[in-house]
Colleague: 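Input: one structure, supplied below.
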Amino acid sequence: QVQLVESGGGLVQAGGSLRLSCAASGRTFSSYAMGWFRQAPGKEREFVAALSWSGGNTYYADSVKGRFTISGDNAKNTVYLQMNSLKPEDTVVYYCAASAKYLYDGSRYFDSVWYDYWGQGTQVTVSP
């Protein structure tokens, strides 16, 4: 059983920063990519950022470019999301995801269907 455990969510003032962590664990676990998605009530899951372990490439949604930074420690199967200049619209549940398959096309990092494992989510609340 593969588990992804998120941490770092919480309450922050608008303009502030928050750092999310996601640690993947499980016997013989390995991944080609890890990323972050978010989902507001009544809306579809939205891509935020992703990282390719092999190529070192990073991908970002337009809405978070310049504000969020994804990084990771492959040896620890851990990915981070540094969130700066937070806005009230960033208030949502954030989900960590991992792909056990090589994603040949960079566009696939943006689609949740290509990910195999998901965390339970961590709530981020940005107050005005």
Side-chain angles (χ1 to χ4, degrees):
Q1 181 74 21
V2 175
Q3 291 191 28
L4 273 56
V5 180
E6 301 105 332
S7 62
L11 176 65
V12 67
Q13 291 269 31
S17 299
L18 210 59
R19 179 180 168 91
L20 305 183
S21 299
C22 174
S25 63
R27 194 172 184 179
T28 69
F29 174 81
S30 64
S31 67
Y32 290 93
M34 295 183 69
W36 293 93
F37 291 76
R38 63 188 184 184
Q39 187 171 23
K43 296 185 178 180
E44 295 184 356
R45 190 161 295 187
E46 175 190 15
F47 171 79
V48 177
L51 179 149
S52 171
W53 293 118
S54 59
N57 302 108
T58 57
Y59 307 86
Y60 296 95
D62 289 339
S63 60
V64 305
K65 285 182 179 178
R67 298 191 299 126
F68 293 6
T69 302
I70 188 171
S71 61
D73 185 338
N74 193 21
K76 297 180 179 180
N77 288 315
T78 301
V79 68
Y80 309 94
L81 185 67
Q82 179 66 46
M83 304 185 293
N84 299 325
S85 302
L86 284 164
K87 306 174 181 179
E89 48 262 46
D90 296 319
T91 297
V92 71
V93 176
Y94 286 73
Y95 296 90
C96 176
S99 174
K101 303 181 186 301
Y102 178 69
L103 305 182
Y104 295 94
D105 193 328
S107 65
R108 297 181 178 182
Y109 290 89
F110 295 79
D111 195 338
S112 63
V113 72
W114 293 102
Y115 293 82
D116 301 289
Y117 308 107
W118 294 86
Q120 292 299 308
T122 183
Q123 176 69 50
V124 171
T125 302
V126 184
S127 63

Colleague: In sequence, state the C-alpha distance, the side-chain angles, and the governing distance for Y117 and S99, and then conclude on side-chain contact (heavy atoms from CB on, under 4.5 Å).
Modeller: CA-CA 7 Å; Y117 308 107; S99 174; over 6 Å; no

Colleague: Could you tell me whether the side chain of Y94 reaches within less than 4.5 Å of the side chain of Q39, counting heavy atoms only?
Modeller: no

Colleague: Nearest 0.5 Å please: distance from the CZ atom of R38 over to the CD atom of E89.
Modeller: 8.5 Å

Colleague: Working note: R45 + D111, criterion side-chain contact (heavy atoms from CB on, under 4.5 Å); need CA distance, chi angles, decisive distance, verdict.
Modeller: CA-CA 9 Å; R45 190 161 295 187; D111 195 338; over 6 Å; no

Colleague: Is any side-chain heavy atom of L18 closer than 4.5 Å to one of L86?
Modeller: yes

Colleague: So which heavy atom on C96 is nearest to which on V79, and how close?
Modeller: SG-CG1, 4.1 Å

Colleague: Have S127 and Q13 got a donor and an acceptor in their side chains that come within less than 3.5 Å?
Modeller: yes

Colleague: Is the CD atom of Q120 crowded by more than 12 outside heavy atoms at less than 6.0 Å?
Modeller: no

Colleague: What are the two closest non-hydrogen atoms of R67 and S63, and how far apart are they?
Modeller: NH2-O, 3.1 Å

Colleague: Identify the two heavy atoms, one from Y60 and one from I70, that lie closest to each other, and give their separation to 0.1 Å.
Modeller: OH-N, 2.9 Å

Colleague: So, for A98 and L4, which heavy atoms are closest and what is the spacing to 0.1 Å?
Modeller: N-CD2, 3.8 Å

Colleague: What heavy-atom pair brings T78 and K76 nearest, and what distance separates the two atoms?
Modeller: OG1-O, 3.0 Å

Colleague: When you check the gap from the basic side-chain N to the acidic O, do D105 and R108 get nearer than 4.0 Å?
Modeller: no

Colleague: Do L20 and Y80 have side chains that get closer than 4.5 Å, going by heavy atoms?
Modeller: no

Colleague: Which other residues end up in the same hydrophobic cluster as Y95, if Ile, Leu, Val, Met, Phe, Trp and Tyr are linked when side-chain heavy atoms come under 4.5 Å apart?
Modeller: F37, F47, Y59, V93, L103, Y109, F110, V113, W114, Y115, W118

Colleague: Can you name the nearest heavy-atom pair linking W53 to S31, along with the distance?
Modeller: NE1-OG, 3.1 Å

Colleague: Hey, does the side chain of D116 reach the backbone of A100 with a donor-acceptor pair shorter than 3.5 angstrom?
Modeller: yes

Colleague: Judged by modelled atom types alone, do N84 and S17 share a side-chain donor-acceptor pair under 3.5 Å?
Modeller: yes

Colleague: Checking the side chain of T91 only, and the main-chain atoms of V126 only, is there a donor and an acceptor separated by less than 3.5 Å?
Modeller: yes

Colleague: Report yes if the side chains of L81 and V48 come closer than 4.5 Å at any heavy-atom pair, otherwise no.
Modeller: yes

Colleague: Between the main-chain N or O of G121 and the side-chain N or O of E6, is there a donor-acceptor pair closer than 3.5 Å?
Modeller: yes

Colleague: Kindly indicate, with the supporting measurements, whether the criterion side-chain contact (heavy atoms from CB on, under 4.5 Å) is fulfilled by Q82 and S71.
Modeller: CA-CA 8 Å; Q82 179 66 46; S71 61; over 6 Å; no

